[in-house]
Amino acid sequence: MQAVQVKPELKVLFTRAQILARVNEMGAQITRDFAGQPIIFVGVLKGATVFLSDLARAVQLDATFDFIAVSSYGKAAHSSGEVRLTKDLDQSVNDKNVILVEDILDTGLTLTYLRKLLVAHQPRALKLAALLDKPSRRVQPITADYTGFQIPDHFVVGYGMDHAERYRNLPDICVLPPELF
Ligand code: IMP
Ligand code: MG
């Protein structure tokens with residue numbers, strides 16, 4: 001298989017092999033936790049799409065996909081940054097087992113907002129899966145039920161994650177150096 005060349009200015013933090021090994025473990029855990037029950041993966045657009053596609057294929061359960069989108073204001077500058085829903089669910093999650101799938105748990109504002117929104121629909125179970133977690137950045141006290149890797153306060157791109165919409169298709173997770181901001 002032809003490897004996609006990582007941009008020379010980016011430093012690889014997790015290779016695609018490391019990511020896949022961890023995502024497969026997460027999928028096995030979800031399979032055990034929901035043994036025999038159907039689940040709905042709800043991905044947060046757009047960053048979670050690559051993670052969701054690997055995670056879902058590592059889960060051996062009857063599953064469907066849905067997607068939700070948000071935009072946040074004043075994220076970088078204000079810890080009170082607001083989150084706004086820009087795309088709602090297509091299907092009802094009432095009485096369903098929901099796994100909310102996010103790329104990064106950072107300040108926690110996004111997942112706190114989305115968890116509240118989904119809880120209002122009274123799912124049977126609601127679990128949070130985040131590929132990456134930056135605990136040092138947390139503003140809202142929230143933890144994921146399934147976490148891929150904890151990382152320090154670096155800005156990362158690749159495997160679905162972007163900077164100004166670029167780099168989402170890099171297969172590895174890379175650190176974007178501050179001079180490229
Ligand atoms: P939170 O509301 O601060 O937890 O924001 C989480 C969202 O911020 C993630 O879904 C990402 O879209 C974005 N984000 C946070 N850190 C990074 C990063 O290092 N690279 C790319 N996106 C990030
Ligand atoms: Mg995101």
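Remember, it's 1-based here, ligands and their atoms both numbered in the order they're listed. By convention here, the first residue in the shown sequence is residue 1. We use all heavy atoms of the structure for the numbers below, so side chains are in, but hydrogens, waters and symmetry mates are not. Quantities reported herein were computed from a predicted structural model and do not represent experimental measurements.
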Task: Which of the ligand 1 atoms, numbered from 1, are nearer than 4.0 Å to a heavy atom of K134 - done: 16 (N), 17 (C), 18 (C), 19 (O)
Task: N or O contact, V156 vs ligand 1, cut-off under 3.5 Å - done: yes
- [ ] Output the list of atoms in ligand 1 that are nearer than 4.0 Å to some heavy atom of D162, sorted by atom number.
- [x] 21 (C)
Task: Option whose closest heavy atom lies nearest to atom 2 (O) of ligand 1, chosen from V83, T110, L45, T112 - done: T110
Task: D172 side chain to R16 backbone, donor-acceptor under 3.5 Å - done: yes
Open item on the list: What verdict does the side-chain contact (heavy atoms from CB on, under 4.5 Å) test give for K46 and R168, after you've listed the backbone C-alpha separation in whole Å, the side-chain angles of each residue and the deciding distance to 0.1 Å?
Closed with: CA-CA 9 Å; K46 305 170 193 166; R168 292 194 194 275; 3.8 Å; yes
Task: Gap between atom CD of Q140 and atom CG of D106 - 0.5 Å precision - done: 12.5 Å
Open item on the list: A quick test of your reading: do over 12 heavy atoms of other residues, nucleotides or ligands sit less than 6.0 Å from CD of Q37?
Closed with: yes
- [ ] Under 4.0 Å from a heavy atom of H154: give me the atoms of ligand 1 that qualify, with their elements.
- [x] 19 (O)
Task: Under 4.0 Å to a heavy atom of L109 - the qualifying atoms of ligand 1, by number - done: 2 (O), 4 (O)
TODO: Only heavy atoms count here, so choose which of D106, L132, D153, I142 is nearest to atom 15 (C) of ligand 1.
DONE: D106
Task: Where ligand 1 meets E102 - atom numbers and elements under 4.0 angstrom, heavy-atom basis - done: 9 (C), 10 (O)
Open item on the list: With heavy-atom distances below 4.0 Å as the criterion, list the atoms of ligand 1 near I104.
Closed with: 6 (C), 9 (C), 10 (O), 16 (N), 17 (C), 18 (C), 19 (O), 20 (N), 23 (C)
Task: Set of salt bridge (charged side-chain N to carboxylate O under 4.0 Å, His left out) partners for E179, sequence neighbours left out - done: none
- [ ] Please say which of T107, D133, T143 ends up in a side-chain hydrogen bond (donor to acceptor under 3.5 Å, both in side chains) with R138.
- [x] D133
Open item on the list: Pair F67, V42 - check side-chain contact (heavy atoms from CB on, under 4.5 Å), show working.
Closed with: CA-CA 5 Å; F67 294 94; V42 174; over 6 Å; no
Task: Any N/O pair G108/ligand 1 closer than 3.5 Å - done: yes
- [ ] Tell me, please: is R137 in heavy-atom contact with ligand 1, that is, under 4.0 Å?
- [x] no
Open item on the list: Filter on side-chain hydrogen bond (donor to acceptor under 3.5 Å, both in side chains), then keep only pairs touching residues 113-126, sequence neighbours left out; what's left?
Closed with: none
